[in-house]
Amino acid sequence: MIKIEQKPLVNLDVEMGEDNIAIVSLNRPAKRNALDAATIEEFVTLFSILPREGAQAVVLRSNGDHFCAGLDLVEHFNEDRSAADFMHLCMRWHEAFNKIEYSGIPVIAALKGAVVGGGLELASSAHIRVADLGTYFALPEGQRGLFTGGGATIRVADLVGKSRMIDMMLTGRIYKGQEAVDVGLCQYLVEDSAEDKAMELARAAVKNPPLSNFAICSAISHFQNMSPLDASYAEAVMAGIVNTQPASRARLEAFANKTAARVRPD
Ligand code: 1HE
């Protein structure tokens, strides 16, 4: 198996922390973590390896004040790409972000500052998004004379609905704070550190059996791509595997013995 150390990472940084929670950092703060072609390749590489190197969860964060400023506009300008070139590039973005969404391990994005354009496409491929009070979300593609190419038409539309996404793209509307939560752009809004909250959520998630997390962090996304009939069949197959795993026996026994925690609000 390829080891992370064997793959030189420049624009991303990875550190395997406690409980096998990998902390992946975007590391181009001087460019506001804009996504150039090289960074996308690093995402493909990293998320091909991480689940097989024992990572049980990922906290995706950024160095600097902004999570991600989206497509590297300067590189795009300088490259003066053809339509075909850009289509091929978009397919690498899709490869990278699909690797995140379908990774089978929880990926929790800790957001701050700008989460815009391709930055929002990246964030929306994570399974959980945590924002702080300074985080803001936008799709400025229309103003730049561009269109989304990293999966926003699927994932952002899924989060906020088609009409809101069209409004964001046509008018440059920015969402932040509680409104961002209310429209579905993030699930958590914290006054303090989004990274601390993301770590707390990751620590909770890794207490689940890895097979359960595998299903949660891949099957739900796959099933959404299927017809309801096929999805319900696939759900039964997945539940057959997950719900009979050895790791669930002790948990079920604890419930039956009345030693397991009950599901109650605080
Ligand atoms: C960049 C980028 C970038 C910053 N590509 N270099 N995304 C956007 O339309 C967002 C563009 N960026 C901004 O609006 C602002 O930079 C921020 C609000 C994110 C941050 O503002 P600020 O004042 O902190 O930074 P800055 O002075 O604008 O930029 C600092 C440096 O980062 C500067 O480089 P420098 O070499 O002159 O110091 C900027 O050029 C650089 N920088 N953002 C390249 N995006 C698959 S299709 C997806 C389509 C999209 O993503 S469209 C959305 C693009």
Side-chain angles (χ1 to χ4, degrees), residues 10-13 25-47 60-102 109-126 129 131-160 162 164-177 179-180 185-186 194-195:
V10 177
N11 299 326
L12 297 180
D13 213 37
S25 304
L26 285 132
N27 193 25
R28 282 185 94 206
K31 300 295 178 188
R32 307 308 185 252
N33 296 309
L35 298 170
D36 61 0
T39 307
I40 295 298
E41 290 308 316
E42 291 188 23
F43 269 115
V44 173
T45 302
L46 193 55
F47 278 87
L60 177 61
R61 62 172 298 281
S62 290
N63 293 332
D65 294 336
H66 297 279
F67 177 71
C68 178
L71 173 72
D72 189 317
L73 298 168
V74 177
E75 179 186 71
H76 186 54
F77 174 70
N78 289 338
E79 293 277 317
D80 197 15
R81 296 171 171 122
S82 69
D85 286 346
F86 199 71
M87 289 178 203
H88 286 296
L89 180 66
C90 288
M91 287 167 71
R92 297 306 288 166
W93 281 55
H94 294 146
E95 179 78 11
F97 296 174
N98 287 341
K99 287 237 177 301
I100 297 173
E101 180 178 351
Y102 296 88
L111 306 174
K112 58 185 164 184
V115 184
V116 303
L120 178 51
E121 296 183 302
L122 169 62
S124 65
S125 67
R129 280 158 296 284
D132 68 12
L133 296 178
T135 305
Y136 61 96
F137 301 88
L139 292 172
E141 278 82 349
Q143 288 75 57
R144 304 283 182 219
L146 303 173
F147 189 70
T148 58
T153 53
I154 300 121
R155 294 191 184 93
V156 179
D158 196 35
L159 292 179
V160 303
K162 182 175 66 175
R164 281 199 190 93
M165 180 181 168
I166 291 173
D167 177 27
M168 288 172 82
M169 291 189 70
L170 285 178
T171 67
R173 181 170 183 167
I174 293 173
Y175 284 100
K176 60 186 171 58
E179 199 183 14
L185 286 163
C186 54
E195 288 171 25

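Every number for a ligand or one of its atoms is a count from 1 in the order of the listing.
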Any side-chain heavy-atom pair of His66 and Tyr136 under 4.5 Å: yes
Below 3.5 Å only, please: the N or O atoms of ligand 1 paired with protein N or O atoms, distance on each line.
unit_1	atom_1	unit_2	atom_2	d
ligand 1	5 (N)	Leu71	O	3.4
ligand 1	5 (N)	Leu73	N	2.8
ligand 1	7 (N)	Ala69	O	2.7
ligand 1	9 (O)	Arg144	NE	2.6
ligand 1	9 (O)	Arg144	NH2	3.0
ligand 1	24 (O)	Arg32	NE	2.8
ligand 1	24 (O)	Arg32	NH2	3.2
ligand 1	25 (O)	Arg32	NE	3.1
ligand 1	25 (O)	Arg32	NH2	3.3
ligand 1	32 (O)	Ala30	O	3.2
ligand 1	36 (O)	Lys31	NZ	2.3
ligand 1	45 (N)	Ala69	O	3.1
ligand 1	45 (N)	Leu71	O	2.9
ligand 1	51 (O)	Leu71	N	2.8
ligand 1	51 (O)	Gly118	N	2.7

Shortest non-hydrogen contact between Ala131 and Phe137, atoms and distance: CB-CZ, 4.3 Å
Partners meeting ring pair (Phe, Tyr, Trp, His ring centres under 6.0 Å) with His94 (sequence neighbours left out): none
Distance-minimising heavy-atom pair for Gly117 and Pro140: N-CD, 3.6 Å
Flag, side chain of Lys112 to backbone of Gly64, donor-acceptor distance under 3.5 Å: yes
Under 3.5 Å donor-acceptor, Glu195 side chain and Ala110 backbone: no
